[in-house]
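Comments concern the structure below.
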Amino acid sequence: ERRLFKLGYYLESLMSQILTFPTLFSGGYVANSLAIMTDALHMLTDLSGIILTLLALWLSAKSPTKRFTFGFHRLEVLSAIISVLLVYILMAFLLYEAVQRTIHMDYEINGDIMLITAAVGVAVNLIMGFLLNQSGHLHSHSHSHRHSHIPQSNSPNTGHSGSHGHSSLAVRAAFVHALGDLVQSIGVLVAAYIIRFKPEYKIADPICTYVFSILVVLTTVRILCDTGVIILEGVPRHLNVDRIKEDLMKIEDVYSIEDLNVWSLTAGKTTAIVHLQLVPGSSSKWEEVQSKARQLLLNTFGMYKCSVQLQSYKQEISKTCASCQSSSA
């Protein structure tokens, strides 16, 4: 049910963005307004995010193959990089045009079309904010009369309330983001109003482009950082390797941790491989230790997949370097 709710919400948002983005961009082009086209560019970043989320939902249902044994999760990362690069290319073009307009001031803006297009942007963001708010209320209300005890991989040990809180927070975050888009659209509307009735203040158009370009960078820089960590197989920001090691060492009959690797297949899907050494004389308990370690990684730390390797206790022997051995021979 939660998956269907997310799918329906994102499809609804996708249709709204697909219908609105061409309207804003074409309206900005006809009005010769960089501010509206930059507002449309910011909407393109939202559109890319929705498409990536839908792609992730689709890929999560696909089974691994003999060639791609981990599945196709990192296609989401590749798509994210391509979409962000596309946004940056368009933004660089708009910034160049804004600088040229600021220097030469040899441009004219159709204030009527700009004002109408900006009003459409404000109306769409108001509608999206209202729908998101209603979706959050309806989703939380529907769960208040139903109960389930299916554990969630990302929020184990929290039961039913944890998954609902996660969904509620996701919708609330989207609502806050929609409010940010609304503020930006209102800024464009104010600039359009100024230019419509005070054409001599047309400098407001490139100024809006500078401000909104900064917002686009702030919106996308987190995506680039996260995708960089995934490509370099780094540890996700929400996990602490030292904390994982401490909890693994608390498992009975674990003597040491020989190796621990943690990385992400994609956003929200973390994988771990751990190599444990058992205390002397506890080799017969390896199944119990392995089960506890897997439960800790999957449930407590929300791993998507994990592999636990065990070995019996081996006393450390001082190693002599190969050169010394050869010289003594």
Side-chain angles (χ1 to χ4, degrees), residues 12-51 83-133 174-221 223:
E12 178 183 320
S13 300
L14 179 65
M15 291 303 298
S16 173
Q17 301 282 10
I18 289 176
L19 292 174
T20 309
F21 170 72
T23 302
L24 285 181
F25 196 83
S26 59
Y29 180 79
V30 173
N32 198 27
S33 170
L34 294 179
I36 291 183
M37 286 192 281
T38 311
D39 190 21
L41 184 63
H42 192 192
M43 184 169 289
L44 181 62
T45 64
D46 298 340
L47 180 61
S48 300
I50 294 171
I51 292 175
S83 64
V84 170
L85 289 178
L86 175 61
V87 167
Y88 281 175
I89 291 172
L90 294 174
M91 185 181 68
F93 173 76
L94 293 175
L95 278 175
Y96 174 79
E97 288 295 322
V99 171
Q100 293 300 312
R101 290 188 176 190
T102 304
I103 295 173
H104 302 292
M105 296 295 290
D106 55 349
Y107 61 96
E108 295 296 332
I109 297 176
N110 190 321
D112 292 327
I113 296 179
M114 183 181 180
L115 190 60
I116 293 171
T117 308
V120 170
V122 172
V124 169
N125 281 295
L126 283 173
I127 294 172
M128 283 301 300
F130 174 77
L131 291 177
L132 284 171
N133 194 31
F175 177 69
V176 171
H177 187 80
L179 283 180
D181 293 342
L182 176 61
V183 171
Q184 178 173 321
S185 296
I186 292 175
V188 175
L189 183 61
V190 171
Y193 185 84
I194 293 173
I195 294 172
R196 168 63 179 82
F197 295 101
K198 295 287 184 179
E200 61 271 20
Y201 294 132
K202 60 184 180 180
I203 190 67
D205 186 73
I207 289 176
C208 284
T209 302
Y210 299 141
V211 174
F212 298 156
S213 295
I214 295 174
L215 293 178
V216 170
V217 171
L218 293 177
T219 304
T220 54
V221 69
I223 299 174

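Positions are given from 1 along the sequence.
With a 4.5 Å cut-off on side-chain heavy atoms, M91 and V217 count as touching.
Within 6.0 Å of CZ in F93 there are 12 or fewer heavy atoms belonging to other residues, nucleotides or ligands.
Between A118 and I36, the shortest heavy-atom distance links the atoms N-CD1, 4.1 Å. Taking both residues in full, the closest heavy atoms of S185 and G121 are given as OG-O, 3.8 Å, listed atom of the first, atom of the second, then distance. Minimum heavy-atom separation, P206 to A98: CB-O, 3.8 Å. M37 and F25 get closest at one heavy-atom pair: CG-O, 3.9 Å. For the pair S33 and M114, the tightest heavy-atom approach, listed with the atom from each and the gap, is OG-CE, 3.3 Å. Pairing each heavy atom of P22 with each of S26, the nearest pair is O-OG, 2.6 Å.
Sequence neighbours left out, the pairs with a member in residues 181-218 that pass ring-ring contact (aromatic ring centres under 6.0 Å, His included) are Y193-F197.
Separating the CG atom in L115 from the CD1 atom in I113 is a distance of 11.0 Å, to the nearest 0.5 Å. Remark: I89 CD1 to L94 CG distance equals 12.0 Å, nearest 0.5 Å. Taken to the nearest 0.5 Å, the OG1 atom of T209 stands 7.5 Å off from the CG atom of L95. Between atom CZ of residue R196 and atom CG of residue L189 there is a gap of 13.0 Å, rounded to the nearest 0.5 Å.
In terms of the side-chain contact (heavy atoms from CB on, under 4.5 Å) criterion, residue partners of T23 (sequence neighbours excluded) are, by chain and number, V120. Residues satisfying the salt bridge (charged side-chain N to carboxylate O under 4.0 Å, His left out) test with E108, not counting sequence neighbours, are K202.
Applying side chain to side chain contact (heavy atoms under 4.5 Å, CB included) to D205 and the options I109, N32, V188, T38 leaves one that passes, I109.
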